[in-house]
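Some notes on the structure that comes next.
All values reported here derive from a predicted model rather than from experimental measurement. Throughout, residue positions are numbered sequentially from 1 according to the sequence presented.
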Amino acid sequence: VTQTRIRPGYQLAQKGAQATYPVVMVPGFVTSALEVWQGKECAKQLFRQRVWGGVSMVQHFLMDRHCIMEHIALDPITGKDPDNIRVRAVSGFEAADYFAGNYWVWSKLLENLADIGYDGNMMSMESYDWRLSFPMLEERDGYLTKLKNRIETFHKVSGQKVVLTSHSLGCVLVHYFFAWVTTNKKQGGGGGGKDWVDKHIHAYINIAGAQLGAPKSATALLSGEMSDTVVLGAAGTLIEQFLGRRVRKNLWITWGSLWSLLPKGGDALWNVGADTQPRIVGDDPVTRRDDFDDHLIVFTDQGDKVQEIHDPNSGLENDDVLQHDTVSDPAVIEAIKSFSSRSRHTLNEVTQFLRQWGGGWGPKLASATWHSFDPKEKPSRATWHDLSRTPLPYAPNMKVYCLYGVGLDTERAYYYKRNMDENSADNQGRGRTLADPPFILDTSVEDPANKVVHGVKYVDGDGSVPLLSLGYLCADGWRRKE
C-alpha cells in the first residue's frame, strides 16, 4: 500500500489527473526482447523463445552459446538475417517492460500511466529489432511505416495528438523517423508532408537519448571492448575466456545499430575538449601529455614494429560464427597499417578507419554503406541518423522534453595499443605481426587524478552516454534560430 501511495501516477490521480493524449513508446538499445521464428538445427526447439531478454536468454546462452551467437548475428554484407535464420522483436508491452528478471526498463512508467487511466487502448510499445540499421528496419520490417500508421490511428480514434517518448537509441530512431516521415516518397521517405509531425505529435519526450552518439560504440566496433568489459576484474577475465574480444567484435560489427550510435558532429564537437576537465600534469610519461583535448584514441606503443597482419581465421575461437578471409584484401590491410602508423586519432579518423576496415570486411560491410558521416553529403537516409546535421522537423506546436542523468563517470576517450601476435616476435623479442582485433585497450594505463582508469578516460554523464551527447542539442543546439 505504501509503495502504491508514493507512486507519482497514484498521487496525480488523487489530484484529478486523467489519461488525455495517447502515448507511444520507442525502446532503446538492447532493451527489446528478441525471439526465434526460424532457426538452424541447433535452435529448432527454440521457436518463439527469447534469445535476447528474459531469464531464458541466459539459460540458452549457457547451454549452447555458439548457437545463440549464430542466431543474433546479422549477415555482414546484406545487414539482414543470415540464411535460414529469422529472429524478430517480441511484440507488445512485455517486449520491453523488464529486461531480465526484476531488472525493469519501462514497467514503472507503464504502472504510473495506468494509475491515471491509461491502458492498451491509449498507449503502445513500439518494440523493434535493435540490431538493424534504421534503413533496414523499414526495408525488412516496415517499422517506420507501422509507427506512422500507429500514430495516425491513435490521433484519429482519440481526437488528440500523440505523446511520443523514446529511450537511448530510440531517440536517434525517432529523429530518423521524423526525417523519413516528412520526406517525399520519391526521395525514400514516408510521404507524410512537411507538417505531419506538427499535426500528429503533441510532445516528444526524450529519455537518456544518445543524441550525439556514444564513444563506447566506436571501441565496441574497433576491438569488442568498452569500459563494461575491462572494469569487472576477475569476472572480466572469465568473460574474456568465455566470450573473447575477437568474437564480440565480429558479432557487434554486424549490428547496424552500433554504427547509428557512433559519435555525431565530428571533430568540431568531440575533439575540442569542451567536456573534459583541465588536465592535472603528473610524472607519468604516458598520461602527462594533453592527449584527450583533441583525440578519441591514443596509442601507448609504437607502430613502426608492425610488418604483417595476422590471418584472422588462424586459431579462431569456437564461438566465432563469422569466419572470413581478410588478409587477401589490400584495402583492409592498407587501412590497418595506416591507422597503426599514427599515435593519436581524432573522432573523424576513427570513424574513417572503421568504414575502411569494416571489422575485416572492408567497405563492403553493409553497416558502413548505410551510414554517412560526411558533412558535405546531401541529406538522405544515410545521413538522417546524424542529429548534428538533421534539423528538428517543422513542428512549431510540438513540445520537446529532454530527461537525462548527470554526475556519473562515463567513458569518453581511450588509450589503445597494437595487439601483437605473441608468436611472431623477432629475435629481440619485439612483435612484428598484428593479431585480430589489431588494436585493443591498454588497460595498464592508470591516472585517477585525470579520471583515467584501466585505459579509459571518464567525463560527466549518466554512466553510459556522456553529457555532451545527452544534453548539448537540448540546452543549446536546438535553441538557436539558425
Side-chain angles (χ1 to χ4, degrees), residues 29-30 32 34-40 42-43 51-53 57 61 65-89 128-141 143 169 172-173 213-214 216-226 229 243-262 312-313 316-326 329 331-332 335 350-351 353-373 382 385 436-439:
F29 184 62
V30 309
S32 292
L34 304 177
E35 61 186 11
V36 175
W37 281 84
Q38 179 185 4
K40 294 192 175 181
C42 66
V51 289
W52 191 270
M57 167 187 69
F61 191 83
R65 65 181 184 270
H66 178 82
C67 180
I68 300 304
M69 293 282 289
E70 189 174 18
H71 283 74
I72 61 175
L74 296 173
D75 185 297
I77 304 303
T78 66
K80 302 179 182 179
D81 301 295
D83 293 338
N84 304 314
I85 291 177
R86 275 187 296 143
V87 172
R88 297 292 183 268
Y128 59 97
D129 188 340
W130 43 263
R131 302 171 300 161
L132 297 176
S133 63
F134 298 157
M136 191 54 63
L137 267 178
E138 174 63 13
E139 181 178 321
R140 195 196 75 176
D141 298 345
Y143 180 83
L169 173 67
V172 187
L173 177 54
K216 65 194 306 181
S217 63
T219 58
L221 295 172
L222 182 60
S223 61
E225 298 173 294
M226 59 187 74
T229 64
L243 193 66
R245 62 170 69 91
R246 174 164 60 178
V247 177
R248 299 193 302 264
K249 181 266 294 182
N250 283 348
L251 170 66
W252 293 343
I253 203 77
T254 70
W255 292 353
S257 55
L258 278 173
W259 293 76
S260 299
L261 280 172
L262 285 172
N313 289 324
L316 276 171
E317 293 96 327
N318 292 332
D319 297 308
D320 199 328
V321 299
L322 297 168
Q323 301 182 21
H324 58 288
D325 174 22
T326 61
D329 189 334
V332 171
V350 172
T351 302
F353 169 71
L354 288 173
R355 288 175 55 82
Q356 294 172 340
W357 173 57
W361 294 95
K364 62 185 178 182
L365 182 75
S367 298
T369 62
W370 284 122
H371 297 85
S372 171
F373 298 88
H385 69 93
D436 183 35
F439 314 108

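- Remark: the backbone N or O of Ala89 is not paired with any side-chain donor or acceptor of Trp130 at under 3.5 angstrom.
- Remark: Lys80 does not engage Asp129 in a salt bridge, criterion side-chain N to carboxylate O under 4.0 Å.
- Asp81 approaches Val87 most closely through the heavy-atom pair OD1-N, 3.9 Å.
- In summary, of the residues considered (Leu261, Leu258, Val30), a side chain to side chain contact (heavy atoms under 4.5 Å, CB included) with Leu169 occurs for Leu261 alone.
- Lys249 pairs in a side chain to side chain contact (heavy atoms under 4.5 Å, CB included) with only one of the listed residues (Thr219, Leu222, Leu221, Asp436), which is Asp436.
- When atom types are taken as modelled, the side chain of Trp52 and the backbone of Ser32 share no donor-acceptor pair closer than 3.5 angstrom.
- Rounded to the nearest 0.5 Å, atoms OG1 (Thr369) and NZ (Lys364) are 12.5 Å apart.
- Not a single donor-acceptor pair under 3.5 Å links the side chain of His71 to the backbone N or O of Gln38.
- The line from CG of Asp83 to NZ of Lys40 is 7.5 Å long, rounded to the nearest 0.5 Å.
- With sequence neighbours excluded, the residues that form a ring pair (Phe, Tyr, Trp, His ring centres under 6.0 Å) with Phe134 are Tyr176.
- Here the closest heavy-atom approach between residue Ser133 and residue Trp370 is recorded as OG-CD1, 3.5 Å.
- Atom CH2 of residue Trp252 and atom CH2 of residue Trp259 lie 15.0 Å apart, to the nearest 0.5 angstrom.
- Contact record, Ala368 with Pro363: CB-O, 4.4 Å, taken as the closest heavy-atom pair.
- Panel note: side chain Arg355, backbone His371; a donor-acceptor pair is recorded below 3.5 Å.
- One distance of note links CE of Met57 with CD of Glu35; it measures 14.5 Å at 0.5 Å rounding.
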Ile77/Trp361 under side chain to side chain contact (heavy atoms under 4.5 Å, CB included): CA gap, chis, key distance, verdict: CA-CA 8 Å; Ile77 304 303; Trp361 294 95; 3.8 Å; yes

Derivation and outcome, side chain to side chain contact (heavy atoms under 4.5 Å, CB included), residues Phe439 and Trp357: CA-CA 12 Å; Phe439 314 108; Trp357 173 57; over 6 Å; no

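- Rounded to the nearest 0.5 angstrom, Arg140 CZ and Arg86 CZ are separated by 10.0 Å.
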Side chain to side chain contact (heavy atoms under 4.5 Å, CB included) evaluation trace for Arg248 with Met226: CA-CA 11 Å; Arg248 299 193 302 264; Met226 59 187 74; over 6 Å; no

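- Put simply, the side chain of Ser223 never gets that close to the backbone of Pro437: no donor and acceptor are under 3.5 Å apart.
- What you find for His385 and Val172 is that their closest heavy atoms are O-CG1, 3.4 Å.
- The shortest distance between side-chain heavy atoms of Leu132 and Tyr143 does not fall below 4.5 Å.
- Atom OH of Tyr128 and atom OG of Ser257 lie 8.0 Å apart (nearest 0.5 Å).
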